[in-house]
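Counting starts at 1 for both ligands and their atoms, in listed order. Because only heavy atoms are used, hydrogens play no part in the values below, and waters and symmetry mates are left out as well, while side chains stay in.
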Amino acid sequence: MIGSKGMLGKDLMGVLPSSFPDDEVIGWDIEDIDIQKEEDTATQIEKLQPHIVIHVAAYTDVDGCELDEEKAFAVNAEGTKHITLAASRCRAKVVYLSTDYIFDGNKREPYLENDLPSPLNVYGRSKLKGEQYIQEWMKDALIIRTQWLYGSYGKNFVTSILQQATEKKVLSIVNDQVGSPTYTADLAKAISILIGVDARGIFHVANSDLCSWYIFGQAVLKLSGLDKVRVIPISSKEFGRPAVRPSYSVLDCQKLKKETGLTLRPWTEALKNYLNTYRLRISREGR
Ligand SMILES: NC(=O)c1ccc[n+]([C@@H]2O[C@H](COP(=O)([O-])OP(=O)(O)OC[C@H]3O[C@@H](n4cnc5c(N)ncnc54)[C@H](OP(=O)(O)O)[C@@H]3O)[C@@H](O)[C@H]2O)c1
């Protein structure tokens with residue numbers, strides 16, 4: 001796996017060895033392989049001769065991508081091409097993680113796998129280019145689009161809200177973007193199931209039900225007993241981030257259900273589970 005030290009990568013490193021006990025799972029991150037470098041990427045992958053390359057490495061800072069388009073495309077698009085070319089020479093299947101931000105949000109109902117992409121920002125365009133390279137070079141690859149990730153490793157929306165709640169009495173949260181918050185632990189299990197059934201093509205995978213960031217933030221505070229913190233809904237324009245986000249990017253996950261029988265639990269349930277794990281970790285660490 002490439003991107004093994006990221007938020008999703010760490011959960012996958014936990015799930016995959018028990019899902020595939022007969023296989024060896026090897027994790028690489030930027031210090032082992034820089035996917036921007038074509039030759040190094042090719043040498044490393046070809047030396048290993050893997051059966052599957054799970055590619056979850058990316059430049060994921062959406063606003064950073066907007067300010068550094070060159071890096072966004074070098075990592076997310078060209079990096080993906082380098083991995084795909086090397087993997088195809090080893091006849092290894094690539095599993096690639098993509099994003100809801102390849103859609104513009106105008107559909108206003110859940111996006112299907114074959115809906116036309118039309119990204120609004122550089123991150124979305126660079127990830128879509130990655131998808132296109134894979135589709136051009138590999139027939140049996142698996143592309144999994146997901147969204148609004150949070151998990152036990154690294155900074156994310158939930159940890160940011162909890163941190164801000166210790167510093168401020170009033171938080172302003174965007175209320176005009178709708179999606180499905182997705183727990184990386186649930187996503188990691190779904191990915192391992194898709195790999196287990198040798199799924200190919202594009203799949204949408206996210207926790208069920210939808211909300212705005214404002215509703216998500218309120219739920220984080222309520223479930224953490226921080227109801228006293230006031231939350232003000234604001235528009236994306238007022239928030240003023242460099243990258244435009246789709247106002248609606250809910251993913252239709254019916255194909256996942258049809259092919260594996262799996263539906264990810266509602267985001268509220270996943271969030272409760274995550275916060276319980278988070279509290280346990282904090283108390284163990286004596287914070
Ligand atoms: N986070 C989300 O909400 C979200 C939503 C939809 C889709 N996705 C996709 O899901 C996947 C996993 O996301 P995530 O949030 O777990 O990402 P993440 O935490 O940012 O992890 C990505 C990992 O890739 C590494 N990386 C960056 N540039 C690299 C390079 N040139 N060569 C090798 N490794 C490199 C990063 O290292 P450094 O940290 O040192 O840079 C990091 O360890 C990505 O493909 C992302 O596009 C994420």
Side-chain angles (χ1 to χ4, degrees), residues 1-15 27-42 44-45 53-65 68 70-84 86 94-103 111 117 119 121-131 133-134 141-160 177 179-188 190-191 202-207 213 216 243 245-246 249-251 253 267 270 274:
M1 181 188 351
I2 305 177
S4 62
K5 292 193 178 158
M7 184 164 60
L8 175 62
K10 283 191 173 164
D11 272 325
L12 277 168
M13 287 304 289
V15 164
W28 287 339
D29 209 284
I30 187 138
E31 58 274 14
D32 312 295
I33 183 170
D34 180 351
I35 61 171
Q36 294 177 84
K37 297 180 182 156
E38 183 166 15
E39 257 188 60
D40 290 357
T41 304
Q44 293 259 73
I45 292 177
V53 180
I54 303 169
H55 167 29
V56 297
Y59 180 30
T60 53
D61 175 351
V62 177
D63 293 311
C65 286
D68 192 347
E70 203 178 315
K71 180 175 172 189
F73 275 82
V75 178
N76 297 342
E78 298 307 310
T80 299
K81 181 174 152 189
H82 301 155
I83 290 173
T84 307
V94 169
V95 177
Y96 173 64
L97 264 288
S98 189
T99 169
D100 56 328
Y101 284 0
I102 63 148
F103 295 118
Y111 279 96
N121 55 43
V122 170
Y123 171 72
R125 286 204 297 278
S126 65
K127 292 291 294 182
L128 177 61
K129 191 77 194 160
E131 283 192 17
Y133 278 138
I134 293 180
L142 170 61
I143 295 172
I144 297 167
R145 296 190 189 130
T146 189
Q147 63 178 186
W148 293 28
L149 297 186
Y150 65 92
S152 300
Y153 306 102
K155 283 188 209 145
N156 57 65
F157 178 82
V158 180
T159 53
S160 160
Q177 293 169 31
S180 306
T182 299
Y183 184 20
T184 51
D186 290 356
L187 174 62
I191 293 171
I202 302 175
F203 282 80
H204 288 174
V205 182
N207 278 117
W213 291 110
F216 185 23
R245 273 90 166 154
S249 57
V250 178
L251 299 172
C253 301
W267 69 264
Y274 167 77

Query - Residue list, side chain to side chain contact (heavy atoms under 4.5 Å, CB included) with Asp63, at least two apart or on another chain - result: Asp61, Arg241, Pro242, Ala243, Arg245
Under a 3.5 Å threshold, I'd like every N/O contact between ligand 1 and protein atoms, with atom names and distance.
| from | atom 1 | to | atom 2 | distance (Å) |
| --- | --- | --- | --- | --- |
| ligand 1 | 3 (O) | Leu149 | N | 3.0 |
| ligand 1 | 16 (O) | Met7 | N | 3.3 |
| ligand 1 | 16 (O) | Leu8 | N | 2.8 |
| ligand 1 | 19 (O) | Met7 | N | 2.9 |
| ligand 1 | 20 (O) | Thr60 | OG1 | 2.6 |
| ligand 1 | 24 (O) | Ala58 | N | 3.4 |
| ligand 1 | 31 (N) | Asp34 | OD1 | 2.8 |
| ligand 1 | 32 (N) | Ile33 | O | 3.4 |
| ligand 1 | 32 (N) | Ile35 | N | 3.1 |
| ligand 1 | 37 (O) | Asp29 | OD1 | 3.2 |
| ligand 1 | 43 (O) | Gly6 | N | 3.4 |
| ligand 1 | 43 (O) | Asp29 | OD1 | 3.0 |
| ligand 1 | 43 (O) | Asp29 | OD2 | 2.8 |
| ligand 1 | 45 (O) | Leu97 | O | 3.3 |
| ligand 1 | 45 (O) | Lys127 | NZ | 2.8 |
| ligand 1 | 47 (O) | Tyr123 | OH | 2.7 |
| ligand 1 | 47 (O) | Lys127 | NZ | 2.9 |

Query raised in the report: Which word best sums up how the rings of Tyr150 and Tyr274 line up, parallel for under 30°, tilted for 30 to 60°, or perpendicular for over 60°?
Result: perpendicular
**Report entry** Listed partners of Tyr96 passing ring-ring contact (aromatic ring centres under 6.0 Å, His included), at least two apart
**Finding:** His55
Report summary line: Only one of Ile54, Val94, Val95 passes side-chain contact (heavy atoms from CB on, under 4.5 Å) with Leu142, and that residue is Val95
Query raised in the report: Of all residues at least two apart in sequence or in a different chain, which pass the salt bridge (charged side-chain N to carboxylate O under 4.0 Å, His left out) check with Glu31?
Result: Lys5
Query - Worked check of side-chain contact (heavy atoms from CB on, under 4.5 Å) between Arg125 and Lys129 - result: CA-CA 6 Å; Arg125 286 204 297 278; Lys129 191 77 194 160; over 6 Å; no
